[in-house]
Every structure is written in C-alpha cells, then in structure tokens.
Amino acid sequence: MAENLFATTRNHVVEALRQIVPDLPDAVLSRIEVTPTRDPSHGDMATNAALLAAKPARRKPAEIAAALAGALAALEGIDSAVAAGPGFVNITLSADSLRAVLPAVLREGIAFGDGAVGAGTRINVEYVSANPTGPMHVGHCRGAVVGDALANLLTKAGFAVTKEYYVNDAGAQVLALAWVVYWRYLEALGTKMPEAEFEALVPGGALQYRGEYLIPVGEALAARHGGALADADRRPLPEERWLDLVRDFSLDWMLRAIREDLALLGVRHDVFTSEREILARGVADEAIGRLDAAGLLYEGVLEPPKGKMTADWEARPQTLFRATQFGDDVDRPLRKADGANTYFANDIGYHGDKIARGADVLVDVLGADHGGYVSRMRSAVAAIAPSYSDRPVAFEAVICQIVHVLKDGQPVRMSKRAGTFVTLRDLLDEVGRDAVRFTMLTRKPDAQMEFDLDLAVAQTRDNPVFYVQYAHARCRSVLRAAAENGGFGAVDAASLGAVPLGSLQAEPELALVRRIANWPRVIEGAALAREPHRVAFYLNDLASDFHALWNRGRDDATLRFLQDAEPEATRARLALVEATATVIRSGLAVLGVEPVEEMR
RNA sequence: GCGCCCUUAGCUCAGUUGGAUAGAGCAACAGCCUUCUAAGCUGUGGGUCGGUGGUUCGAAUCCACCAGGGCGCGCCA
C-alpha cells in the first residue's frame with residue numbers, strides 16, 4: 001500500500017476531477033490539496049479541488065464538489081466522500097486503508113517518511129561559519145542546530161545535501177587574534193607587559209579578544225616554541241618574525257576547539273572551506289573577473305548612509321558591484337581602502353565555488369545581525385550564477401534571531417567583559433545535547449526565543465523534549481513487557497507488520513494512526529518551507545496522541561495495551577505502538593536527538 | 001531617514017504557504033487521583049489575530065498605509 005496516504009488520495013482526486021472538468025490547466029491542478037481535517041467530524045481528509053476548478057469551469061463549486069464526492073465515494077478504500085461548506089469534499093477512508101499505514105511503517109522503519117520532493121536537487125547548506133577567534137557561544141548554537149536539522153530534513157525529503165562550514169580565516173580579525181595570542185605567549189614566558197605598553201605595538205592600537213580563553217593558547221605556543229618567538233630578553237620581536245606563525249597556530253587551535261564543540265553538539269559538516277584558500281586558489285579573483293567581464297563593475301563613489309554616525313565617513317572612489325541591477329538597495333564595494341578584497345568580494349568567490357561544485361540551491365543559515373547581508377548576496381549569486389551553471393541557481397537565507405537565556409526566570413546577561421558570556425560548552429554541560437537541540441527547534445528560526453535552562457531539563461508536560469522522549473520510552477516499555485510476557489508471540493517489527501489490524505477501532509487509536517499517516521506530509525512541507533521546527537511540533541503532537549491512548553488505561557485496566565485474554569487484539573495494538581516508536585525515532589533522527597529506551 | 005524580520009488567549013508559542021467554528025502548553029477555575037500505567041488526568045473559561053483600508057467565493061496568511069519591538073545601513077565579518 002501507499003506510504004503516503006495523502007499523495008495517493010490526491011492522485012485519486014485529480015483523476016476524478018479530470019473526468020468531471022476536462023482541460024483544467026496545470027496551474028490549477030497543481031494547487032489542489034488534500035489535507036488532514038481539523039475537525040474529525042469532517043472525515044479524515046479534505047480537498048479544495050472543487051473550489052479551484054469552479055472558476056475556470058464556470059460552474060458552481062458546490063456542483064463540482066457534489067460530482068467529485070460521488071466519484072470518490074465509489075472508489076475502493078474510501079468509505080464516504082461528501083461535499084461540504086463552500087465546496088470542500090470531505091473524505092473518510094475505510095479503516096482498512098487508513099490502518100495500512102502501520103505495516104508500511106514497520107516495513108520501512110525510520111526511513112518511513114523519506115520523500116521525493118527534493119528530486120535529487122543539489123542543495124548546499126552553509127551554517128555555523130563562526131569566526132575562528134573564540135569559542136562558540138549560544139548565539140552560534142541556534143544557527144548550528146537549525147542548519148544541521150534543516151540539512152537532515154532536506155536529505156530525508158530527497159535532496160542531495162552538502163553540509164558546509166565557511167572558515168573566515170583571511171581578514172583582519174585573525175590578525176587581531178594573533179596579536180592577543182602573542183601577548184599571552186609573552187606572558188607565558190614570564191614577560192608581564194602592561195596592556196597599554198603592548199597595545200602601542202599593535203596596528204590599530206587596541207587589543208581585541210582579551211578573554212581569558214586565549215591564555216592556554218599562549219601557553220601552548222610557549223611550550224612548543226620556547227623563547228624562539230621573542231628576543232633574548234623575552235621581549236616582543238618585530239611582527240615579521242612571528243605573525244604568520246602565531247596566526248596559523250591560533251587559527252588551528254581555535255578551529256579545533258570549534259570542531260570539538262560542534263562534535264559535542266552532534267553537528268558534523270561534510271565540507272570546511274577556508275577563505276584563505278578561496279583567495280589563494282584565485283577563486284575570488286575569478287568571480288570578480290566574471291563580474292567585470294559582464295560589465296557589472298565600475299569605479300564610483302557611494303552616497304553617505306543617512307541617519308547613521310558618519311563622523312569618519314569620507315567620499316572615496318572604489319570598485320563597486322552593480323547590485324542594484326539585481327534588486328539590492330545600493331551598489332556594493334569589493335575593495336577596501338588598502339586594496340584588499342572586502343569580505344563580500346571573497347564571499348562572492350566562495351558562493352561561485354559552491355555553484356561550480358554543483359549546487360543548485362545555496363542556503364545560508366545566518367544570525368540576525370547578518371540580515372542586512374542577504375540582499376547583496378542574493379544579487380551577487382544572481383549575477384554570477386549564469387557563468388557557472390546552465391541550470392537556474394537559487395540563493396536562500398535562513399535568518400536565526402537572537403536567543404535569550406533564562407535562569408530562574410531571569411535573563412542571563414551575555415557580556416564578554418563581565419565574564420558571564422555563555423559558551424556552547426556551558427550550555428551543553430548545563431542541560432545536555434538533546435535538550436539543547438530540541439529546545440532550539442521549538443520556535444521558528446526568524447522569531448526571537450527565550451531558552452529557559454530550568455524548563456529544558458524539567459521532567460514535566462510542558463517540556464517538549466521530555467514529553468517526546470517519554471512517549472518513546474513508554475512505547476519501548478510496552479514492547480519490552482510484551483516480550484517478557486511471552487504470550488503475545490514475537491514482537492519484532494517484521495512479525496508485527498503481518499498482524500491483522502481490524503481490532504483497532506477506538507477513536508484515540510485511529511487518531512494516532514492518522515497522525516502517523518501524516519508524517520510524510522510533514523517532512524515534505526517542512527523541507528520545502530526550510531522549517532525544521534515543524535518536525536519538533538509534529539513530534540509533540542504525536543507524543544500527545546500516544547500519551548492520550550496510554551492514559552486511557554489508567555482508570556480502566558481493560559484499555560491497557562497488553563491484555564492476556566485477547567492476544568490478537570494485543571498484537572494489533574503492539575503494531576501501533578511499534579509504529580509510533582518508529583516514527584518518533586524517525587523524527588528525532590532529523591532533529592539529531594537520541595531516542596531513549598527508558599526514563600529514570 | 002531607508003531596508004529586512006516580528007506583533008495571534010494573562011504568559012510562551014503553533015497555525016500544514018489563501019480554506020470550513022483561529023489551536024497547543026503553562027497559568028486561572030472546577031472535579032478526579034493517595035500509585036496494578038499519576039515524573040499526573042478530565043473538564044471549563046479565556047481572542048477586534050497590533051490598527052485602518054484593499055484584493056476575492058473566502059484573509060491571521062496576499063497588497064497599501066500607520067503604530068510598536070528587533071536587526072542592519074562603504075573601506076568589520
């Protein structure tokens with residue numbers, strides 16, 4: 001039988017409608033939906049087909065709906081189809097065809113719900129891309145989880161996904177990092193230079209990243225190189241003598257720390273691309289050359305921005321990209337005053353590289369502070385894509401809003417200076433990987449969220465992490481008990497997949513079956529919308545349906561899953577329980593959360 | 001000043017891309033449970049979907065304007 005009941009029913013609807021109204025344009029047919037009903041009294045599914053067909057057919061919706069209902073009702077597997085409301089057709093499936101989803105789940109395992117909407121489209125998801133200048137903090141964490149879950153979701157929906165991390169290792173930031181590490185290195189050698197004295201040596205005259213997390217880096221540098229990077233008095237040497245080395249050492253250290261953090265979070269990228277490499281390989285120059293060849297570059301002077309502090313602004317001619325031709329607000333500079341590429345220029349090269357490697361869709365998962373970057377990147381991709389690929393290439397951004405961390409109901413202030421800045425490591429230590437990942441996905445990405453540390457570890461109904469894992473643990477508990485009992489036969493998925501299911505008739509049971517049947521649809525919708533949080537909400541609903549069923553047995557022992565007196569009906573229920581557990585695992589796998597066998 | 005995002009129940013948030021009477025959890029209220037499945041359960045109340053217009057069979061959803069909040073606005077990344 002069909003693994004996606006909605007898709008097959010939709011096929012029936014389209015077929016029947018074609019008989020009633022021939023020659024409907026594809027634009028209308030493609031908008032036909034078969035959706036779950038909100039109200040069980042409306043049957044299992046509803047379709048808007050008659051409403052859509054009414055206008056082109058110049059007939060009344062109700063008339064078409066009636067004819068459609070008649071045709072559908074005659075089909076095998078459909079118990080009834082009735083016209084309702086302004087022109088909907090409500091469809092009630094036979095219990096048999098509804099329940100047929102269970103053996104499908106048991107056969108396919110957590111692959112149930114895998115979809116084909118991706119159609120093998122090659123999609124590159126770039127996420128995290130935190131600067132390698134410090135440890136990851138909660139701000140990075142949301143993007144990491146959203147990006148990772150999105151990539152998993154897209155894979156499940158049939159896209160060919162590359163998970164990618166862009167290492168910003170070429171700019172002034174990493175030089176600033178190297179200077180601080182060098183300062184810490186001298187400190188490790190026993191040279192305590194006052195900040196002011198050392199800063200006088202630094203280009204720009206200020207130390208960034210003075211956080212204590214760089215002390216071990218300086219110490220490691222001293223352990224590796226001894227006094228070789230300082231003069232005989234252990235005082236600073238000219239930067240030519242050490243800067244490259246210290247920069248590479250620091251980058252290496254930071255990147256390793258970030259990768260460790262990511263590993264703890266369960267995030268694993270397929271590709272790390274280095275900005276310096278993009279530069280060294282000439283990829284950035286190549287892309288800029290293509291823009292130039294297309295006549296999209298010019299030397300010009302930008303208007304000063306309005307309403308912003310413009311104290312240090314001065315008119316200056318620079319190399320500009322005609323972003324306004326592609327929908328951006330202003331043309332964008334590609335060279336800095338010192339002649340080096342802007343970050344944007346290198347990023348154009350990088351995105352060109354992603355296209356050259358075969359991506360059809362480029363998704364950037366960005367923090368809210370990069371929201372202003374989206375329109376220029378979109379215009380750049382639109383400008384360069386035709387020179388890299390014959391196929392259309394899409395650029396999309398998923399913007400992740402700020403996360404406020406709450407402890408005891410109070411906001412935890414994030415401040416590097418005050419030393420209360422919450423690292424990803426802190427967060428993981430506090431609540432654990434599963435709670436971090438799941439909780440980060442309980443809001444849509446573009447809404448600000450509060451992360452309540454107490455709630456994330458609470459074992460109560462209002463903690464969705466707990467609630468969903470508890471549902472899975474209860475499923476497993478029932479199945480273990482059934483196996484130990486021995487009177488119900490084999491309880492593996494294959495055996496349960498062959499069980500007669502006619503005894504599953506109670507409304508809460510069928511509600512759970514309907515929910516399970518909806519899983520492939522959720523995957524498809526969430527993947528197309530790039531919204532992994534929908535999976536988290538679905539799992540909460542699924543858990544809710546299961547807990548409702550479980551709770552029936554609390555007051556009335558005859559409604560429990562395991563009934564010695566009726567082994568056949570029990571086996572049918574076990575099939576339902578096994579299918580539920582399977583779909584929960586299937587969903588948790590997308591979110592990157594571990595299912596648990598038992599709670600304690 | 002301009003651009004993007006957000007505004008839904010007292011609180012935190014969903015709302016299946018324009019569908020039927022707008023949902024969930026918490027909180028509130030009422031009842032149940034003193035553990036064979038209560039790290040609780042059942043039920044009730046609660047809404048001008050920020051505001052005003054528009055588009056159409058139909059709007060929380062699309063468009064315009066307005067209000068409030070967030071982010072951003074050359075040579076940072």
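Naming: A, B, ... by sequence-line order, numbering from 1 per chain. What's counted below: heavy atoms across the whole structure, side chains too, no hydrogens, waters or symmetry copies.
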Asks: Between the side-chain atoms of A:Asn90 and the base atoms of B:A20, is any donor-acceptor pair under 3.5 Å?
Replies: yes
Asks: Of the candidate nucleotides B:C41, B:A39, B:A22, which contains the atom at the shortest distance from the side chain of A:Gln459?
Replies: B:A39
Asks: Using the C1' atom in both, what is the distance from B:G46 to B:G1, to the nearest Å?
Replies: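 To the nearest whole Å, 42 Å.
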Asks: Rounded to whole angstrom, note down the P distance from B:G69 over to B:C75.
Replies: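 About 28 Å, rounded to a whole number of Å.
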Asks: Short of 4.0 Å, heavy atom to strand atom, which residues of residues 167-176 of chain A count as contacting RNA chain B?
Replies: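 Within this stretch, A:Asn168, A:Gly171, A:Ala172, A:Gln173 sit under 4.0 Å of the strand.
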Asks: Taking the basic N atoms (NZ, or NE/NH1/NH2) and the acidic carboxylate oxygens, is any pair closer than 4.0 Å for A:Arg521 and A:Glu524?
Replies: no
Asks: Taking NZ, NE, NH1 and NH2 as the nitrogens, is one of them in A:Lys444 or A:Glu531 under 4.0 Å from a carboxylate oxygen of the other?
Replies: no
Asks: Got a minute to check which stems RNA chain B is part of, using Watson-Crick or G-U wobble pairs under 3.5 Å, three or more consecutive?
Replies: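 Counting only runs of 3 or more consecutive pairs, the stems involving RNA chain B are B:1-7 with B:67-73, B:10-13 with B:23-26, B:28-32 with B:40-44, B:50-54 with B:62-66.
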Asks: Salt bridge or not for A:Arg514 and A:Glu509, using N-O below 4.0 Å?
Replies: no
Asks: Which nucleotide wins on minimum distance to the side chain of A:Lys444, given the candidates B:G19, B:C75, B:A14?
Replies: B:A14
Asks: Is it true that A:Lys354 and A:Asp347 have a side-chain N and a carboxylate O under 4.0 angstrom from each other?
Replies: no
Asks: Taking only Lys NZ, Arg NE, NH1 and NH2, and the carboxylate oxygens of Asp or Glu, determine whether A:Arg443 and A:Glu450 approach each other closer than 4.0 Å.
Replies: no
Asks: One pair to check against side-chain contact (heavy atoms from CB on, under 4.5 Å): A:Val174 and A:Ser250. What are the steps and the verdict?
Replies: CA-CA 8 Å; A:Val174 291; A:Ser250 308; over 6 Å; no
Asks: What is the nucleic acid contact for A:Ala54, judged by heavy atoms within less than 4.0 Å: base, sugar-phosphate only, or nothing?
Replies: nothing
Asks: Any idea which of B:C5, B:G19, B:G3 is nearest the A:Asp329 side chain?
Replies: B:G3
Asks: Which nucleotide in the list B:G25, B:G74, B:A14 gets nearest to the side chain of A:His533?
Replies: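 That would be B:A14.
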Asks: Identify whether any heavy atom of A:Phe344 sits under 4.0 Å from a base atom; if not, whether one sits that close to sugar-phosphate; answer base, sugar-phosphate or nothing.
Replies: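 Counting heavy atoms under 4.0 Å across all strands, no contact is made by A:Phe344.
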Asks: Do A:Arg474 and A:Tyr470 form a cation-pi contact, if we require the NZ or CZ to be under 6.0 Å from the six-membered ring centre and within 45 degrees of the ring's axis?
Replies: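 Cation-pi check for A:Arg474 and A:Tyr470: passes.
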Asks: For the P atoms, the ones on B:C36 and on B:A28, what distance do you get once it is rounded to whole angstrom?
Replies: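 My reading of the P atoms in B:C36 and B:A28 gives 28 Å.
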Asks: Is the count of non-hydrogen atoms from other residues, nucleotides or ligands lying under 6.0 Å from A:Glu299 atom CD greater than 12?
Replies: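 Check passes, neighbour count above 12.
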Asks: Would you classify A:Tyr467 as touching base, sugar-phosphate or nothing, given that sugar-phosphate means primed atoms plus P, OP1 and OP2, and contacts are heavy atoms under 4.0 Å?
Replies: nothing
Asks: Any side-chain donor paired with an acceptor under 3.5 Å for A:Gln173 and A:Asn131?
Replies: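 No, A:Asn131 and A:Gln173 have no side-chain donor paired with an acceptor closer than 3.5 Å.
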Asks: Under 4.0 angstrom, heavy atoms only, what part of the nucleic acid is A:His370 near: base, sugar-phosphate, or nothing?
Replies: base
Asks: A:Trp313 has an atom CH2; how far is it from atom C1' of B:G74, in whole Å?
Replies: 8 Å
Asks: Under 4.0 Å, counting only non-hydrogen atoms across every strand here, what does A:Arg521 touch: a base, just sugar-phosphate, or nothing?
Replies: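 Answer is base: heavy atoms of A:Arg521 come under 4.0 Å of a base.
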Asks: Expressed in whole Å, how much space separates the P atoms belonging to B:A60 and B:C49?
Replies: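 Here B:A60 and B:C49 have their P atoms 7 Å from each other.
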Asks: Could you tell me whether A:Thr460 contacts a base, only the sugar-phosphate backbone, or nothing, with contacts defined as non-hydrogen atoms closer than 4.0 Å?
Replies: sugar-phosphate
Asks: Closest approach to the side chain of A:Asp369, judged atom by atom: which nucleotide of B:C41, B:G19, B:G72 is it?
Replies: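 Closest nucleotide to the A:Asp369 side chain: B:G72.
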Asks: Going by the angle between their ring planes, with limits at 30° and 60°, are A:Tyr165 and A:Phe272 parallel, tilted or perpendicular?
Replies: parallel
Asks: Which part of the nucleic acid, if any, lies within reach of A:Ala368 when heavy atoms closer than 4.0 Å are counted: base, sugar-phosphate only, or nothing?
Replies: sugar-phosphate
Asks: Starting at atom CD of A:Gln208, determine the distance to atom P of B:A77, rounded to an integer number of angstrom.
Replies: 11 Å
Asks: Establish, with yes or no, whether the OP1 or OP2 oxygen of B:C13 is under 4.0 angstrom from a side-chain nitrogen or oxygen of A:Arg443.
Replies: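 Yes.
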Asks: Could you work out the separation of B:A59 and B:G19 based on their C1' atoms and round it to a whole Å?
Replies: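 Taking atom C1' in both B:A59 and B:G19, they lie 10 Å apart.
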Asks: Check every atom of B:G19, B:A20, B:C75 against the side chain of A:Leu51 and return the nucleotide holding the closest atom.
Replies: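 Closest of the options to the side chain of A:Leu51: B:G19.
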Asks: Counting the atoms with a prime plus P, OP1 and OP2 as sugar-phosphate, which does A:Arg316 contact under 4.0 Å by heavy atoms, base, sugar-phosphate, or nothing?
Replies: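 Base contact.
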Asks: Nearest whole Å is fine: how far is B:G74 C1' from A:Arg322 CZ?
Replies: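 Value for this atom pair: 17 Å.
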Asks: Please name all residues satisfying side chain to side chain donor-acceptor pair (under 3.5 Å) with A:Ser41, sequence neighbours left out, ordered by chain then number.
Replies: A:Asp39
Asks: Any base atoms under 4.0 Å from A:Arg560, or only sugar-phosphate, or nothing? Heavy atoms, all strands.
Replies: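 Base: the residue A:Arg560, judged by heavy atoms under 4.0 Å, touches a nucleobase.
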Asks: Measure the distance from CZ on A:Arg376 to P on B:C4 and round it to the nearest whole Å.
Replies: 15 Å
Asks: Assign A:Tyr343 to base, sugar-phosphate, or nothing according to its heavy-atom contacts below 4.0 angstrom with the strands shown.
Replies: base
Asks: Counting any heavy atom closer than 4.0 Å, what does A:Asp338 reach on the DNA or RNA strands: base, sugar-phosphate only, or nothing?
Replies: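 Touches nothing.
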Asks: Atom CG of A:Leu177 and atom C1' of B:A77: how far apart are they, to the nearest Å?
Replies: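 Checked: the CG to C1' distance equals 14 Å.
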Asks: For the side chain of A:Asp462, starting at C-beta, report the closest nucleotide among B:U12, B:C26, B:G40.
Replies: B:C26
Asks: Using atom P in both nucleotides, what's the gap between B:A20 and B:G58 to the nearest angstrom?
Replies: 14 Å
Asks: Which nucleotide in the set B:G15, B:G70, B:C36 lies at the smallest distance from any side-chain heavy atom of A:Gln448?
Replies: B:G70
Asks: Between A:Arg552 and A:Asp556, does any NZ, NE, NH1 or NH2 come within less than 4.0 Å of an OD or OE carboxylate oxygen?
Replies: no
Asks: Reckon A:Pro333 touches a base, only the sugar-phosphate, or nothing at all at heavy-atom distances under 4.0 Å?
Replies: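 A:Pro333: backbone/sugar contact only, no base atoms under 4.0 Å.
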Asks: In this structure, how many angstroms lie between the P atom of B:G15 and the CG atom of A:Asp541, rounded?
Replies: 11 Å
Asks: Please pick, from B:U16, B:A77, B:C13, the nucleotide with the shortest atom-to-atom distance to any side-chain atom of A:Phe537.
Replies: B:C13
Asks: In this structure, how many angstroms lie between the P atom of B:A38 and the CG atom of A:Leu559, rounded?
Replies: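 Rounded to whole Å, this separation is 15 Å.
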Asks: In whole angstrom, give me the gap between the P atoms of B:U56 and B:U16.
Replies: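 23 Å, rounded to whole Å.
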Asks: Could you check whether A:Leu455 gets within reach of a base, just the sugar-phosphate, or nothing at all, counting any heavy atom under 4.0 Å?
Replies: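 The answer is nothing, as A:Leu455 stays clear of every strand by at least 4.0 Å.
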Asks: Would one find more than 12 heavy atoms of other residues, nucleotides or ligands at under 6.0 Å from atom CZ of A:Arg316?
Replies: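 For A:Arg316, atom CZ is crowded (more than 12 foreign heavy atoms under 6.0 Å).
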Asks: Among the nucleotides B:C41, B:A77, B:A20, which one has an atom lying closest to any side-chain atom of A:Phe88?
Replies: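 Per side-chain heavy atoms of A:Phe88, the pick is B:A20.
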Asks: Starting at OH of A:Tyr166 and ending at P of B:C76, how long is that distance when rounded to a whole Å?
Replies: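 Value for this atom pair: 15 Å.
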Asks: Is any N or O donor-acceptor pair between the side chain of A:Tyr373 and the base of B:A77 shorter than 3.5 Å?
Replies: no
